[in-house]
Protein chains: 2
Amino acid sequence: MATSPPASPLKSRDRLVATATKLFYANGINATGIDTVIAESGATKGSMYHHFHNKDGLVAAYLRGEANGWHEAATGVDDSSKSPVERVALMFTIPATAIATDSFHGCPFTNAMVERPADPAIAEIVGDYRRVMAEHVADLIGAKTTDTVVAQVVVLYDGGVTGAKQTRSAAPVATASAMAQNVVRAWLKTGRD
Amino acid sequence: MATSPPASPLKSRDRLVATATKLFYANGINATGIDTVIAESGATKGSMYHHFHNKDGLVAAYLRGEANGWHEAATGVDDSSKSPVERVALMFTIPATAIATDSFHGCPFTNAMVERPADPAIAEIVGDYRRVMAEHVADLIGAKTTDTVVAQVVVLYDGGVTGAKQTRSAAPVATASAMAQNVVRAWLKTGRD
DNA sequence: GTTAGATTAGACAGGTTCGTCTACTATTGT
DNA sequence: ACAATAGTAGACGAACCTGTCTAATCTAAC
């Protein structure tokens, strides 16, 4: 008789990743010691190094989670009944909302590449995230991933988020969103180019 | 008979800042210990803490230098005899060139805000840099700093540089440059909006 | 010439970091 | 019943970090 799927609400590995997600994003990866993550997650060192080869492993798991999280958020705010222009605008509400709630600390992928420039696993996950985003944008507007308009929207997204991080204001995101809508509108009107 | 303006090629304070500039940008601020900067600059700890209250002070001096450096680079590549559109394109050659020489590690201001999010001095210097950049762009195209077109070009600049950092490629900068030229062209044609 | 600022050289304290290791226990699948 | 996986609890080492301090010298201005 198993004592019910053990009272543990979450396996220790998942708790570690969840805590890392919170702390790494809010306080920075390098500024957050492994000991802090372990303590706050209620796990132990043995567990940590059982599941992850080293801190880089935990960081990679954290970043993969962020990539999934972005995709979920993007599909979550989407509304396929709306026009391409409106759907792109919806995508830009993701950073806009985050800034409003004050739990915004910039793009987790940019942050990770800045904090751990030498880690190839990070570069790979960031590449995956960017591919997912390009596909998502292409879907929203009915373009091919390789179309210029997709790269343009991505540049605007990056620019809006980076500007928001630097200025601690939502204005750059609003500017970027408006520009993205213009770009998509023009692309729809002139027929793909 | 002074032994000629002392053989020292550079005062120790300047050597510290120069070394910090190289190491902080290339390897990251937090990843570079004060001892390393001191050793590589040929200065000593006493000198370091004579000129700077703490590491934050050295970081601030480094970032101020980067802000000045950007302004010099921007005016250096500019050519006032060219058209507004061409002059904006010239500005985008700054990151494009840096990426080509492989000494590119992203935007120093973004990096600093990521690595030391709590330091108010950094936020201030970044704000100065952004004001300088906005004024520069406004000058290039004959706009007011508060015109929408200026904010648009800045968003594109940020987006190009961030994308380049994430992808380790110059493509986002090229995309951003082309978009900036389009935006300025449209703004000139329709007359300020 | 005297005084103040700049500099050298390095020891030192106090803290943090990551990762290893031992020894033991609980759960789970077969 | 047994073996493999997952976990607890915490000591520990070795490296690193920032910042202080002493004590002596060198330069420059006034």
Side-chain angles (χ1 to χ4, degrees), chain A residues 1-20 23-24 26-63 111-112 114-122, chain B residues 1-20 23-24 26-63 112 114-119 121-122:
Chain A
M1 215 38 27
T3 50
S4 83
S8 79
L10 227 51
K11 300 230 169 215
S12 113
R13 200 201 115 108
D14 296 318
R15 287 193 325 247
L16 281 163
V17 175
T19 307
L23 298 179
F24 284 169
N27 306 334
I29 295 169
N30 292 338
T32 305
I34 220 78
D35 289 355
T36 310
V37 177
I38 289 166
E40 192 145 328
S41 75
T44 59
K45 220 142 202 199
S47 248
M48 158 73 196
Y49 285 97
H50 174 74
H51 289 293
F52 303 102
H53 176 249
N54 51 23
K55 186 178 180 179
D56 286 349
L58 181 59
V59 171
Y62 148 66
L63 254 203
N111 296 357
V114 168
E115 292 212 85
R116 322 218 113 197
D119 188 338
I122 287 179
Chain B
M1 46 216 46
T3 49
S4 82
S8 81
L10 226 52
K11 300 230 168 212
S12 110
R13 201 203 115 108
D14 296 318
R15 287 192 326 245
L16 281 163
V17 175
T19 307
L23 297 180
F24 284 169
N27 307 333
I29 295 169
N30 292 337
T32 304
I34 220 81
D35 289 353
T36 310
V37 178
I38 289 165
E40 192 144 329
S41 73
T44 60
K45 220 144 201 200
S47 249
M48 157 73 196
Y49 284 98
H50 174 73
H51 289 292
F52 303 102
H53 175 249
N54 52 22
K55 186 178 180 180
D56 286 349
L58 181 58
V59 172
Y62 148 66
L63 253 203
V114 168
E115 293 211 86
R116 322 218 111 198
D119 187 338
I122 288 180

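Naming: A, B, ... by sequence-line order, numbering from 1 per chain.
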Worksheet item: How would you label the contact of A:G42 with the nucleic acid (heavy atoms, under 4.0 Å): base, sugar-phosphate, or nothing?
Response: sugar-phosphate
Discussion item. Without decimals, in angstroms, what is the distance between B:F52 CZ and C:dA6 P?
Written reply: 12 Å
Response to the item:
Taken to the nearest whole Å, CZ/B:R15 to P/C:dT8 is 6 Å
Fill in: From B:E115 atom CD to A:N111 atom CG, the distance as rounded to the nearest 0.5 Å
10.0 Å
Worksheet item: Quick one: CG on A:D119 to CD1 on A:I29, what's the gap to the nearest 0.5 Å?
Response: 9.0 Å
Discussion item. What's B:T44 touching, base or sugar-phosphate or nothing? Going by heavy atoms closer than 4.0 Å.
Written reply: base
Fill in: Interatomic distance, A:K55 NZ vs C:dT20 C1' [rounded to whole Å]
17 Å
Discussion item. How many whole angstroms separate atom CG of B:D56 from atom C1' of D:dT18?
Written reply: 11 Å
Worksheet entry | Nearest-0.5 Å distance that lies between atom CG in A:L58 and atom CZ in A:R13 | 8.5 Å
Fill in: Distance in angstrom units between A:I29 CD1 and C:dC18 P, rounded
12 Å
Worksheet, complete the sentence: note: B:I34, atom CD1; D:dC16, atom P; distance rounded to Å ~ 16 Å
Worksheet item: Is a side-chain N or O of A:D35 found less than 3.5 angstrom from the main chain of A:I38, in a donor-acceptor match?
Response: no
Worksheet item: Within the pair B:H50 and C:dT8, is there a side-chain N or O less than 4.0 Å away from OP1 or OP2?
Response: no
Worksheet item: What is the distance from CG of A:D14 to C1' of D:dA6, rounded to the nearest Å?
Response: 13 Å
Worksheet item: Is any N or O donor-acceptor pair between the side chain of B:K45 and the base of D:dG19 shorter than 3.5 Å?
Response: yes
Item to complete: With the side chain of A:Y49 defined as its heavy atoms from C-beta on, choose the nearest nucleotide among D:dT20, C:dC18, C:dT7.
Response: C:dC18
Practice prompt. Identify whether any heavy atom of B:D35 sits under 4.0 Å from a base atom; if not, whether one sits that close to sugar-phosphate; answer base, sugar-phosphate or nothing.
Written response: base
Item to complete: Could you state the atom-to-atom distance from CG of B:N30 to C1' of D:dT18 in whole Å?
Response: 12 Å
Worksheet item: Looking across every strand, which nucleic acid part, if any, lies under 4.0 Å from B:S47 by heavy atom: base, sugar-phosphate, or nothing?
Response: base
Worksheet item: Can you tell me how far OH of A:Y62 sits from CG of A:L23, rounded to the nearest 0.5 angstrom?
Response: 10.0 Å
